[in-house]
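Working notes for the structure below.
Below, all heavy atoms of this structure are taken into account, side chains as well, without hydrogens, waters or symmetry copies.
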Amino acid sequence: MRVVMFGFQTWGHRTLQALLASEHEVVLVVTHPRGEGAYEKIWSDSVEDLARENGIEVVVRERPEDQELLDKLKSVDPDVIVACNWRTWIPPQVFALPKHGTLNVHDSLLPKYAGFSPLIWALLNDEKEVGVTAHMMDDTLDAGDIVLQRSVPVGPRDTTADLFAKTLELFGPITVDGLAEIASGRTDFVKQDRSQASFFHKRAEEDLRIDFTWTAEELDRLVRAQCAPYPSAFCFHRGQRLEIIEADVSEAVYGGTPGRIFYREGDGVAIVAGAEARRGRSKALLVKKVRTADGVELKAHEYFKTMGGYLTSRP
């Protein structure tokens with residue numbers, strides 16, 4: 001099939017690589033302009049460069065809504081559009097233009113975790129698996145009929161970086177396999193059960209703030225979800241911001257007031273956690289490594305010289 005690809009960054013790069021190695025003909029690539037955002041520098045594999053290296057025409061757009069682009073799409077006459085890590089709205093006159101429509105690739109098991117940062121939200125919510133969905137685009141974001149889904153298990157100590165690596169490997173194969181389903185003439189794809197749908201917002205500073213009334217298990221997942229290269233979960237100690245960059249759940253139960261710097265356990269320091277902590281029913285967050293406000297990383301035993309005092313959500 002003749003394919004136009006809308007894609008950006010490492011996800012789009014992997015997907016374009018798979019398309020180039022497939023039987024399909026990539027006739028045009030549409031990508032976003034390069035930016036200076038932190039994540040663009042981390043996951044910086046260039047869709048534009050890969051396309052040009054392979055002699056494919058490239059159109060650079062922030063938003064695909066202008067008549068010039070629409071005319072170009074009509075002129076190349078694609079059978080299908082593939083969208084992967086495209087960051088802005090694709091209007092109906094674009095996604096419905098090819099005779100086979102647009103196949104969008106999203107890094108969650110839809111209908112759950114539509115929207116933004118699905119891997120982080122899934123890890124926070126203790127999901128046992130994550131994955132990638134190839135679905136047909138329609139008027140509602142991430143709500144179209146499902147062509148294929150692939151999943152991977154979430155390990156007991158996985159971080160978001162681990163889940164990123166696992167799911168990234170799925171993008172190219174699910175795209176090519178999804179196109180094979182479309183090329184076969186199938187149209188009876190799986191309707192999403194909208195009663196099971198969830199739509200998540202972008203992560204922001206407030207989402208990183210540690211609340212010690214959460215259970216230790218929840219806080220441990222927050223720390224692992226906000227691993228490097230994502231911004232770290234943080235709290236305050238003696239009025240100064242303190243990032244928690246490595247933690248676990250304590251072996252012992254520690255009772256008292258949430259946030260209390262209580263006890264050295266193994267290579268960590270137990271911080272009382274959980275709304276039921278005063279009843280002596282909760283494990284503690286076992287902090288193992290921190291980063292101070294001036295960027296210094298220290299093991300917990302090096303930072304917490306004495307026990308006592310509190311970690312707080314605000315200064």
So, Glu251 and Lys283, do they make that salt bridge, N to O below 4.0 Å? no

Evaluation steps, ring pair (Phe, Tyr, Trp, His ring centres under 6.0 Å), between Tyr254 and Phe262: CA-CA 8 Å; Tyr254 297 91; Phe262 190 14; 5.5 Å; yes

Examine His106 together with Tyr113 and report whether their ring centres are nearer than 6.0 Å. no

Please give me the minimum heavy-atom distance between Ser250 and Ala284, naming the atom from each residue. OG-N, 2.8 Å

Applying salt bridge (Lys or Arg N to Asp or Glu O under 4.0 Å), run through Arg52 and Glu57 and close with a yes or a no. CA-CA 7 Å; Arg52 294 194 191 282; Glu57 184 178 2; over 6 Å; no

For Leu16 and Val47, work out which heavy atoms get closest and say how close. CD2-O, 3.8 Å

Just to verify, which of Val152, Leu123, Asp107, Leu168 counts as forming a side chain to side chain contact (heavy atoms under 4.5 Å, CB included) with Leu163? Leu123

Do the side chains of Phe95 and Val76 join up, straight or via other hydrophobic residues, at under 4.5 Å, putting them in one cluster? yes

Testing Lys289, Lys288, Lys299 one by one against Asp267 for a salt bridge (Lys or Arg N to Asp or Glu O under 4.0 Å), which residue passes? Lys288

For the pair Asp188 and Arg186, find out whether any cationic side-chain nitrogen is under 4.0 Å from an anionic carboxylate oxygen. yes

So does Arg291 get a backbone contact from the side chain of Arg241, meaning a donor-acceptor N/O pair under 3.5 Å? no

So that I can tick it off, tell me whether Arg14 and Asp45 are bridged by a salt bridge, with the cut-off set at under 4.0 angstrom between side-chain N and carboxylate O. no

Is it the case that one hydrophobic cluster holds both Leu50 and Phe6, taking links as side-chain heavy atoms less than 4.5 Å apart, direct or via other members? no

Quick one: which of Val4, Leu19, Leu20 gives a side chain to side chain contact (heavy atoms under 4.5 Å, CB included) with Ile56? Leu20

Test: Arg150 and Asp177 ion pair at under 4.0 Å: yes

Any heavy-atom pair between the side chains of Phe304 and Val287 that's under 4.5 Å? yes

Indicate yes or no: at least one non-hydrogen side-chain atom of His135 is less than 4.5 angstrom from one of Leu103. no

Cation-pi between Arg203 and Trp121: NZ/CZ under 6.0 Å from ring centre and within 45° of the ring axis? yes

When you group the ILVMFWY residues by side-chain heavy-atom contacts below 4.5 Å and let the links chain together, are Val154 and Leu110 in the same group? no

Look at the side-chain heavy atoms of Ile, Leu, Val, Met, Phe, Trp and Tyr, link any pair under 4.5 Å apart, and say whether Leu170 and Leu148 land in one connected group. yes

Can you label the angle between the Trp86 ring and the His32 ring as parallel, tilted or perpendicular, going by 30° and 60°? parallel

Give a yes or no answer on whether the side chain of Thr213 reaches the backbone of Ala275 with a donor-acceptor pair at less than 3.5 Å. no

Does this structure show an ion pair linking Arg279 with Glu276, if we count only N-O contacts that are shorter than 4.0 Å? yes

Report yes or no: does Glu265 contribute a side-chain atom to a donor-acceptor pair with the main-chain N or O of Leu286 at less than 3.5 Å? no

Taking Asp158 as the fixed residue, which of Arg224, Lys128, Lys166 is the one that meets the salt bridge (Lys or Arg N to Asp or Glu O under 4.0 Å) rule? Lys166

Would Arg209 and Glu206 satisfy salt bridge (Lys or Arg N to Asp or Glu O under 4.0 Å), going step by step from the backbone distance to the final call? CA-CA 5 Å; Arg209 190 184 305 275; Glu206 188 63 25; 3.2 Å; yes

Is Trp214 reachable from Phe212 through a run of hydrophobic residues whose side-chain heavy atoms are each under 4.5 Å from the next? yes

Could you check whether Asp211 pairs with Arg314 (Lys NZ or Arg NE/NH1/NH2 to Asp/Glu carboxylate O, under 4.0 Å)? no

Would you call Arg2 and Asp79 a salt bridge, taking side-chain N to carboxylate O under 4.0 Å as the test? no

